[in-house]
2 protein chains.
Amino acid sequence: MEIETRAEAFEAALRRAGVRITRQRAALLRVLAAAEDHPDATQLHQRAMAAGAGVSLATVYRTLSALEAQGMIQKLEFEGEPARFEPADGHHHDHMIDVETGEVMEFVNERIERLQAEIAAEMGYEIVRHRLELYVRRRR
Amino acid sequence: MEIETRAEAFEAALRRAGVRITRQRAALLRVLAAAEDHPDATQLHQRAMAAGAGVSLATVYRTLSALEAQGMIQKLEFEGEPARFEPADGHHHDHMIDVETGEVMEFVNERIERLQAEIAAEMGYEIVRHRLELYVRRRR
DNA sequence: TTGCATGCAAACATTTTGCAAGTAG
DNA sequence: CTACTTGCAAAATGTTTGCATGCAA
């Protein structure tokens, strides 16, 4: 049993799901797996191209949809920008966006999660998914 | 001192801000003030037209931008739909969306607000604005 | 070999904008 | 009067799709 890169894990998961691994998809998986930030479709396309993989933007979008459907990546839709994507690392988290620098940070808060569930429950609902974004500014 | 309708309050506020009250804007203010739901630009346009006011969709968008800039309305961007708008009633609230019916409900939770501020503060930030949406399903 | 995947360009949906004509103040 | 608004149509943006061709399994 060897160390598996995140890109390889992605591939294996896709194969298991019966999705074909094409040259383009493999390239995108590598780019996605390497992403430390939260790139949008155009950036992913550029990175794949820069890495020498010929991929069309249409395929980038189609691949992102497929990966999202498999639950392997998460689509983020922040205010006033194209959708961004991040590899789903399993544990849920929310986002904080520095409105001055555009930097995106992640955070988890169990109490907020619980409160949300309580609020929904009080009104007779259960949460399917939720979205919490804090648009912030560094304190002087 | 008389009872002032919400549309009239809107007009007065706009006038104070030095914004001209055109026939089109007055019509949109009335439509917005009367909205119990959370209509999008097209719906507002249709309602204004139905009310006999000739307004172009471009003007609807321009007016909505102006009203948002004045802080008189709030733009809501839920997942997978055009932006919706609601009159700003002064007190902040978040939204719960029934994924089955599309119904939008409002809620306020002081503890969640406080927790958000704490999280930001812990990381050295202060909150500029935030967005919290619960996508929910009715419990059987 | 065969059906899923791709590239391209065109279509799409929403929103924004340039410009000439209209109008509120 | 005159600067701000409008309507229209065109453009911009981000994303999706139809179709002929390509390729993974």
At less than 4.0 Å, is any side-chain N or O atom of Tyr61(A) found next to OP1 or OP2 of dT15(D)? Yes or no. yes

Residue met sooner reading DNA chain C from 5', once Arg84(B) and Gly54(A) are mapped to nucleotides: Gly54(A)

Spacing between Leu67(A) atom CG and dA5(C) atom P, to the nearest angstrom: 12 Å

Exactly one candidate in Arg139(A), Met105(A), Arg138(A) meets side chain to side chain contact (heavy atoms under 4.5 Å, CB included) with Met123(B); the answer is Met105(A)

Arg20(A), nearest nucleotide to its side chain (from dG14(D), dC8(C), dA24(D)): dA24(D)

Could you go step by step and tell me if Phe78(B) and His95(B) meet the ring-ring contact (aromatic ring centres under 6.0 Å, His included) rule? CA-CA 9 Å; Phe78(B) 300 145; His95(B) 296 91; 5.7 Å; yes

Kindly point out which of dT16(C), dC8(C), dT6(D) is positioned nearest to the side chain of Ser65(B)? dT16(C)

What heavy-atom pair brings His92(A) and Asp94(A) nearest, and what distance separates the two atoms? NE2-OD1, 3.3 Å

Can you measure Asp40(A) atom CG to dT15(D) atom P for me and round it to whole angstrom units? 7 Å

Is the shortest heavy-atom distance from the side chain of Leu134(B) to the side chain of Ile97(B) under 4.5 Å? no

Reading DNA chain C from 5' onward, which residue's closest nucleotide shows up sooner: Glu77(B) or Val55(A)? Val55(A)

Integer-rounded Å distance: dA3(D) P and Ile21(B) CD1: 20 Å

From the options dT15(C), dG25(C), dT6(C), select the nucleotide whose nearest atom is closest to the side chain of Thr22(A). dT6(C)

At under 4.0 Å, does any side-chain N or O of Arg25(B) touch on OP1 or OP2 of dT6(D)? yes

Leu29(B) CG - dT5(D) P separation (whole Å): 13 Å

For dG7(D) and Thr59(B) - does any side-chain N or O of the residue sit under 4.0 Å from the phosphate oxygens OP1/OP2? yes

dT23(C), OP1 or OP2 - any side-chain N/O from Gln24(B) closer than 4.0 Å? no

His45(A) NE2 to dG14(D) P: how many Å, rounded? 15 Å

Looking at Arg62(A) and dG7(C), is any side-chain donor or acceptor paired with a base atom of the opposite kind under 3.5 Å? yes

Side chain to side chain, Lys75(A) and Leu64(A), heavy atoms closer than 4.5 Å: no

When you measure from the side-chain N and O atoms of Arg15(B) to the phosphate of dG25(C), is any distance below 4.0 Å, counting only OP1 and OP2? yes

Taken to the nearest whole Å, CG/Leu57(B) to C1'/dT17(C) is 13 Å

May I have the distance from Arg23(A) (atom CZ) to dT6(C) (atom P), rounded to whole angstrom? 9 Å

Of the nucleotides dT15(D), dT14(C), dC8(D), which one has an atom closest to the side chain of Ala58(B)? dC8(D)

Once you round it to whole Å, what is the distance between P of dT14(C) and CG of Leu64(B)? 15 Å

